[in-house]
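All remarks here apply to the structure that follows.
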Amino acid sequence: MQEDNQSPEQQLHAMRHSLAHIMATAITRKFPHVKLGVGPVVQHGFYYDIDLGKAGLSEEDLPAIEAEMKKVIAEDQPFEQFSMPIDEAIAWAQQAGQTYKEELLNDLKRSGTTSAKDIDSEELGVATDGDSQVANVSFYRNGDFTDLCRGPHVASTGKVGAFKLMRVSGAYWRGKDTNPQMQRIYGVAFATEKELRQHLALLEEAKKRDHRKLGQELDLFVSSDLVGAGLPLFTPRGTVLREELARFSNELRERNGFQKVFTPHITKQELYEKSGHWAKFGDELFLVKSQETSDNFVMKPMNCPHHTQIFASKPRSYRDLPIRYLDTTTVYRDEKTGELGGLSRVRAITQDDSHAFCRRDQIEGEINALLAAAHEMYETLGLQLQVRLSYRDDSDAYIGSKELWQSAQNQLKAAVMANNLDYFEEEGEAAFYGPKIDMMASDALGRQFQVATVQLDFVMPQRFELEYTDEHGVKQPPVMVHCALLGSIERFLSVYIEHTAGKFPVWIAPEQVRIITVNQEDVTTRFAGKIAQQARELGLRVSIDNDNESVGKKIRAAEVMKVPYTLVIGEKEMQTGEITPRIRRDMVVNETQQSYTIDELLKTVAHEAKSRVSKTSL
RNA sequence: GCCGACAUAGCUCAGUUGGUAGAGCAGCUGUUUUGUAAACAGCGGGUCGUGGGUUCGAGUCCCUCUGUCGGCUCCA
């Protein structure tokens, strides 16, 4: 119908949305008693929420639904729009037993919108902006299926491109965990079969890179039922990754005047009552019981309150500011079991946390320095950054006056603009004590994750009555700038492992050099040992594979573990003192196979590791 | 926490309508002394995640718990 003058994006959107209707058509045919929720377009496709009562649907039912959808598509039913008065619409929903639709329509009638941010306005038969006098609502009909919908749709069910149903999962009605749970059926859809295949191939690739799979294969971390869910254990190899990342982050901040501090992992609950965290996150703290005192202790879920106490430990002059603390440390949060997964969501979270206490006139300088540090870090790590300005919304989830918030939000935006960063703004994403600059990294497959964060906070210093003396001898509250460059090291690792597919650059690779012996003769073994020692003295992580196996097999083993440099040592090398290193393919700039003296080679690799390059100069 | 699926050897998996477990890789031992992605042979290894139930008999059927996965909700 309205597909003329539409951009390809709009057309694809209409296709996906039409597919949601077609899926609902197919499900209604197979299960006439189904109650429908909403069926919007999502990133790569669409879904529809349905309620089939107790029996429900399982993934085994998807092929049958897909087949039915193909029938509907083959029937090429035109999509027809019509409208009816809202009271008539409500009567329709009632009569059809569509209780969810009825609820939506009633909300619509009452307030002109479904109020919450839960429903995409397109789902409804009206535009939700503007006045609340809803007289008529819009419907779409294809064949004998009718759905409340504003559109637009494609002209007929035959014009929907290529799709595939992916999975069925649970979803709360209108996104509220107090509401009944429906089943959500997800599909992906593209304009052409080719794009669909490409998308599915991308998903396959993502599966291969899954950090949980690579964590297993590359021996990076493990879990134990005895230790518990969300508490990964890092092997020697995985620990190297953690420590190298922490070291990098610490270096960047120390260069900017941050000083390391240390704070204990348990604290009196009172600290968090004062900060406001107890009221907001009390049910997510691990409680610790003392057998000696009557105080209640908790595992620390974050560090800001501790750092305020270091600041507050003595009088501060305006000349002392900024005072900057960095604390790369583990915090503990009792995350709900269903939210845990791999390294992306854990209960022991290591943050590269830092707090700068500064004067108002120093805010800009602090933020600029941190933005620059983040830029350097992600440049080195090879991840693209995009900035999200996370503001508060009108809910009561925040503390502090609106004026302070407005001023803080303005300053963050000014800083981001001054640094020419690519940004977007989002309300309702702020921390409860202040707005944030959140940095989203895009990985090798184009997926986005929140990593670094810079937060401006006028509230915490007030709550802890922090002060410094200004040049007129007047007490002033400092401003706190919270920052984490990596965010959570565990979560960052999950992103980074998948981004690199486990092919870590030499500076962070758990094993940087592997020496393979051609035979087990004593001279060879001794020579290999000597080279390994030399490498260790240069600060390299090196291992020797002296197994009684073929060279081919040992090469393969090194390759499988994605070791950057493999040195095969035999008679030739012993005689000449020269070697042609085997370099992991992704690091190679030019293809020429060159030989080097072993001394020169190791020094170059050590230098590369130190300067954190991603390609080799060999 | 909620909805759904899953849990067999270190890893990846097979195991027919219920009749007390198999393969490949890895490991160990021996032979071989290897030249750039998998030499050959032998051996060891599993109270089938936990606890309970049904049954003459449970890896297989039912329940509980734990854990994992896909989502929802949440994320200082």
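Proteins get letters first, then strands, A, B, ... in listed order; numbering begins at 1 in each.
The aromatic ring of A:Phe281 sits over the base of B:rA76, with ring centres less than 5.5 Å apart and planes tilted by under 30°.
For the C1' atoms, the distance from B:rC69 to B:rG30 is 43 Å, rounded to whole Å. On the C1' atoms, B:rC63 is 13 Å away from B:rU50, given to the nearest whole Å. Taking atom P on both B:rC11 and B:rC75, the two are 36 Å apart, rounded to the nearest angstrom. B:rG10 and B:rG52 have their P atoms separated by 23 Å, with the value rounded to a whole Å. The separation of B:rA39 from B:rU34, taken at their C1' atoms, amounts to 9 Å, rounded to a whole angstrom.
For B:rG1, the base has a donor-acceptor partner in the side chain of A:Tyr172 [N/O atoms by modelled type, under 3.5 angstrom]. One N or O donor and one acceptor, one from the side chain of A:Glu573 and one from the base of B:rG35, sit under 3.5 Å apart. Side-chain to base pairing of A:Asn548 with B:rU31: one donor and one acceptor N or O lie within less than 3.5 Å of each other. On a pure distance criterion of 3.5 Å, a polar donor-acceptor pair joins the side chain of A:Gln181 and the base of B:rC2. In terms of polar N and O atoms assigned as donor or acceptor, the side chain of A:Glu549 never comes within less than 3.5 Å of the base of B:rU34 in a complementary pairing. A donor and an acceptor atom sit less than 3.5 Å apart, one in the side chain of A:Gln520 and one in the base of B:rU33. With hydrogens and angles ignored, a donor-acceptor pair under 3.5 angstrom links the side chain of A:Arg345 to the base of B:rC74.
The partner of B:rC43, taking Watson-Crick or G-U wobble pairs whose two distances both stay under 3.5 Å, is B:rG27. Base-pair partner of B:rG4: B:rC69 (Watson-Crick or G-U wobble, both distances under 3.5 Å). In this entry B:rA58 has no Watson-Crick or G-U wobble partner, no candidate having both defining distances under 3.5 Å. B:rU32: no Watson-Crick or G-U partner with both key distances under 3.5 Å is found in any strand. Applying the Watson-Crick and G-U wobble criteria (two distances, each under 3.5 Å), B:rU16 pairs with nothing in any strand.
Between A:Arg184 and A:Asp49 there is a salt bridge, since at least one side-chain N of the basic residue sits less than 4.0 Å from a carboxylate O of the acidic one. By the 4.0 Å N-to-carboxylate-O rule, A:Arg582 lies close enough to A:Glu559 to be salt-bridged with it. Of the charged side-chain nitrogens involved, at least one lies within less than 4.0 Å of a carboxylate oxygen, so that A:Glu591 and A:Arg585 count as a salt-bridged pair. Salt-bridge check for A:Asp547 with A:Lys554: failed, with every basic side-chain N at 4.0 Å or more from each acidic carboxylate O.
The separation between A:Ile579 atom CD1 and B:rG35 atom C1' is 11 Å, rounded to whole Å. Between the CH2 atom of A:Trp278 and the C1' atom of B:rA76 there is a distance of 14 Å, rounded to whole Å. A:Ile555 has its CD1 atom 12 Å from the P atom of B:rA39, to the nearest Å. As rounded to whole Å, 12 Å separates atom C1' of B:rU73 from atom CD of A:Glu335. A straight line from NE2 of A:His211 to P of B:rU68 spans 12 Å, rounded to a whole angstrom. Whole-Å rounding puts the A:Asp177 CG to B:rC72 P distance at 13 Å. Spacing between atom CD of A:Gln216 and atom C1' of B:rG10 amounts to 8 Å, rounded to whole angstrom units. As rounded to whole Å, 10 Å separates atom P of B:rA38 from atom NZ of A:Lys553.
Taking 4.0 angstrom as the limit, A:Tyr47 places none of its side-chain polar atoms (N or O) nearer than this to OP1 or OP2 of B:rG70. Of the side-chain N and O atoms in A:Ser550, one or more sit less than 4.0 angstrom from OP1 or OP2 of B:rA39. Side-chain N/O atoms of A:Thr337 include one lying less than 4.0 angstrom from OP1 or OP2 on B:rG1. Close to B:rG70, at under 4.0 Å from its OP1 or OP2, lies no side-chain N or O of A:Lys207. OP1 or OP2 of B:rC69 has at least one side-chain nitrogen or oxygen of A:Arg212 nearer than 4.0 Å.
With hydrogens and angles disregarded, no donor-acceptor distance shorter than 3.5 Å links the side chain of A:Asp210 to the backbone of A:Glu498.
In terms of position along RNA chain B, the nucleotide closest to A:Glu571 lies nearer the 5' end than the nucleotide closest to the other residue of the pair A:Glu571 and A:Arg333. Ranked by how close their nearest RNA chain B nucleotide is to the 5' end, A:Ser169 and A:Gln351 are led by A:Ser169.
The nearest pair of heavy atoms linking A:Leu214 to A:Arg209 is CD1-O, 3.3 Å.
Taking the six-membered ring where tryptophan is involved, the planes of A:Tyr332 and A:His265 are tilted, since the angle between them lies from 30° to 60°.
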